[in-house]
Student: 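Dropping a structure here in structure tokens format, bear with me for questions.
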There are 2 protein chains.
Amino acid sequence: MKRDLPKNQPNSLNDYQVKEDSYECSITTDIAVFGYVDNQLKILLTKRTVGNFTDHWMLPGGALQAEETLKDCAQKILFALTGFESIHFEQVKAYSEVDRHPTKRVITISFYALVKPENHPLTLKSGVEQIDWFDLDNIPTNLGFDHNRIIRDAHQFFKKNLKDTLVVGELLPQKFTLPELQNLYENILGLELDKRNFRKRIFQMDILKNTGEKKPGVKGGPMLYSYKDEA
Amino acid sequence: MKRDLPKNQPNSLNDYQVKEDSYECSITTDIAVFGYVDNQLKILLTKRTVGNFTDHWMLPGGALQAEETLKDCAQKILFALTGFESIHFEQVKAYSEVDRHPTKRVITISFYALVKPENHPLTLKSGVEQIDWFDLDNIPTNLGFDHNRIIRDAHQFFKKNLKDTLVVGELLPQKFTLPELQNLYENILGLELDKRNFRKRIFQMDILKNTGEKKPGVKGGPMLYSYKDEA
DNA sequence: ACAAAAGTGTTGCAAATACACCCATGT
DNA sequence: ACATGGGTGTATTTGCAACACTTTTGT
């Protein structure tokens, strides 16, 4: 789709407190990628080789291009910086403080994404100097831009979504045990759950399929489950 | 605050699938203003004298300017189009489909706002050809842009917020009766509530102050309440 | 006096919580 | 054999839903 992108077109609100023309500014997306590693809910941070805050950890993110939606942008950028693909994205919020970027006006729209770390080993893509998973409760306090706040908000949003619908499959291996799932929930929500009540709730939802296998190498011989195929 | 707004600055994601420079585009805010009139939850729509869709009803909205946040923008624009001031705003969502605007690329961030219509009589500000409250369940199906969808989403968001915290004071007169409050809830949520259960819940929350007055001119002589002053 | 709306408690049910022992596996 | 973690059921509480009559006021 090719379009005309006229700048300085008259603003439709041109009668009151009028700025003479419509202002344009850069837009970025920042992505809070949650993963579940070592029985810990983690978030993916990068150090970049170019741009601002090259000496700070920050969320993966980048600028919107002409012919893409915000979600497209987020997906493309995450892929560019990490190679991660086909994962779940949710829009969280727009940040527009005028001084949130040190040198120019940039508005960002944040997303969160869930990944199965098993499927996505970390590699250094170009433009990325370092990349790593950080424990959610042990994040550097001096992330670039306003990314500490963006992470807080994204986590909040994620928790809220968890209660309604629960698409957490992306965080776990294909086959997982119930204690693993419970631990994940506890990590996301930041509280302890009762084992028996948790199992009851999950089974009532009828979303898991018992694979019949037991997980080897772990005491107790827990059953492995997978998500049911949807119809 | 004066800032340098360089265009065509190198994009920090300049290694993969790189567009040569950072793209800039217009940003608007659209505001879904909910009001409560004639025992009906309503939404405020306008017909504008300039811009696109001048022959369609649409949400109040307009372009972001250089030195304001999105919320500032929404407040300023709503004031410009209606005169409404000091009311409650919540950010809802960003819309970025590339063809959502007929002639150029525009991203919008939607807000919802709650007003006491009693305090805000409708007047025709410049730039506005018509303005009116519409029953939420009787909105023209051909609003400008994607405003039908924006309203749906905003209403959804409002409902969700209502269950957690409940800032509904902006929709009612200073002093109101419990049946009035209940009717408002029923309108927002789109369902009928049990009178006694409703009163129980509200009183448990301990947010209302009994003014001791009775509302005159209405049968049954209902008590007038107001929100408690916060500490 | 009559009509219309406000106000008031109790009961039943379903969902959430608390709680303790036995079993399977790895070491 | 022993230690570690997995798996199971029940009793209690709590929050939510259903329900009918009396009181107040306007006409």
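Every chain is numbered from 1, with letters handed out A, B, ... down the list of sequences.
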Student: Tell me, please, which residues at least two apart from A/T211 pass side chain to side chain contact (heavy atoms under 4.5 Å, CB included).
Tutor: A/K175, A/E213, A/L224, A/S226
Student: Mind checking what makes salt bridge (Lys or Arg N to Asp or Glu O under 4.0 Å) contact with B/D146, not counting sequence neighbours?
Tutor: B/R100
Student: Tell me which of A/G220 and B/G221 sits closer to the 5' end of DNA chain C, going by the nucleotide each one is nearest to.
Tutor: B/G221
Student: Not counting sequence neighbours, which residues clear side chain to side chain contact (heavy atoms under 4.5 Å, CB included) with B/P173? List them please.
Tutor: B/E118
Student: Would you please name every residue forming a side chain to side chain contact (heavy atoms under 4.5 Å, CB included) with B/Q91, sequence neighbours left out?
Tutor: A/K93, A/A94, B/I109, B/F111
Student: Mind checking whether A/H56 and A/F53 have parallel, tilted or perpendicular rings, split at 30° and 60°?
Tutor: perpendicular
Student: In residues 188-198 of chain A, what residues come within less than 4.0 Å of DNA chain D, judged by heavy atoms?
Tutor: A/K195, A/R196
Student: Check side chain to side chain donor-acceptor pair (under 3.5 Å) between B/Y225 and all other residues, then give those that pass, not counting sequence neighbours.
Tutor: none
Student: Show me the donor-acceptor pairs within less than 3.5 Å that the side chains of residues 133-142 of chain A make with the rest of the protein, sequence neighbours left out.
Tutor:
{"residue": "A/D135", "atom": "OD1", "partner": "A/K42", "partner atom": "NZ", "Å": "2.7"}

Student: If you look only at pairs with a residue in residues 27-46 of chain B, which of them pass as a ring pair (Phe, Tyr, Trp, His ring centres under 6.0 Å), with sequence neighbours excluded?
Tutor: B/F34-B/F158
Student: Identify whether any heavy atom of A/R201 sits under 4.0 Å from a base atom; if not, whether one sits that close to sugar-phosphate; answer base, sugar-phosphate or nothing.
Tutor: nothing
Student: Using heavy atoms to find the nearest nucleotide of DNA chain C for B/K219 and A/K215 separately, return the residue whose nucleotide is more 5′.
Tutor: B/K219
Student: Using a cut-off of 6.0 Å, state whether more than 12 heavy atoms not belonging to B/E129 lie near its atom CD.
Tutor: yes
Student: Under the side chain to side chain donor-acceptor pair (under 3.5 Å) test, which residues partner B/Q40, sequence neighbours left out?
Tutor: none
Student: Taking for each residue the nucleotide of DNA chain D bearing the nearest heavy atom, is the 5' side occupied by A/K200 or by A/P179?
Tutor: A/P179
Student: Only counting residues at least two apart or in another chain, list the ones meeting salt bridge (Lys or Arg N to Asp or Glu O under 4.0 Å) with B/E180.
Tutor: B/K215
Student: Base, sugar-phosphate or nothing for A/K214? Non-hydrogen atoms, less than 4.0 Å.
Tutor: sugar-phosphate
Student: Does anyone know the first and last nucleotide of DNA chain D in reach of chain B, 5' to 3', at under 4.0 angstrom to a heavy atom?
Tutor: D/dA17 to D/dG26
Student: Could you list where the contact with chain B starts and ends along DNA chain C, reading 5' to 3', using a 4.0 Å heavy-atom cut-off?
Tutor: C/dA4 to C/dT10
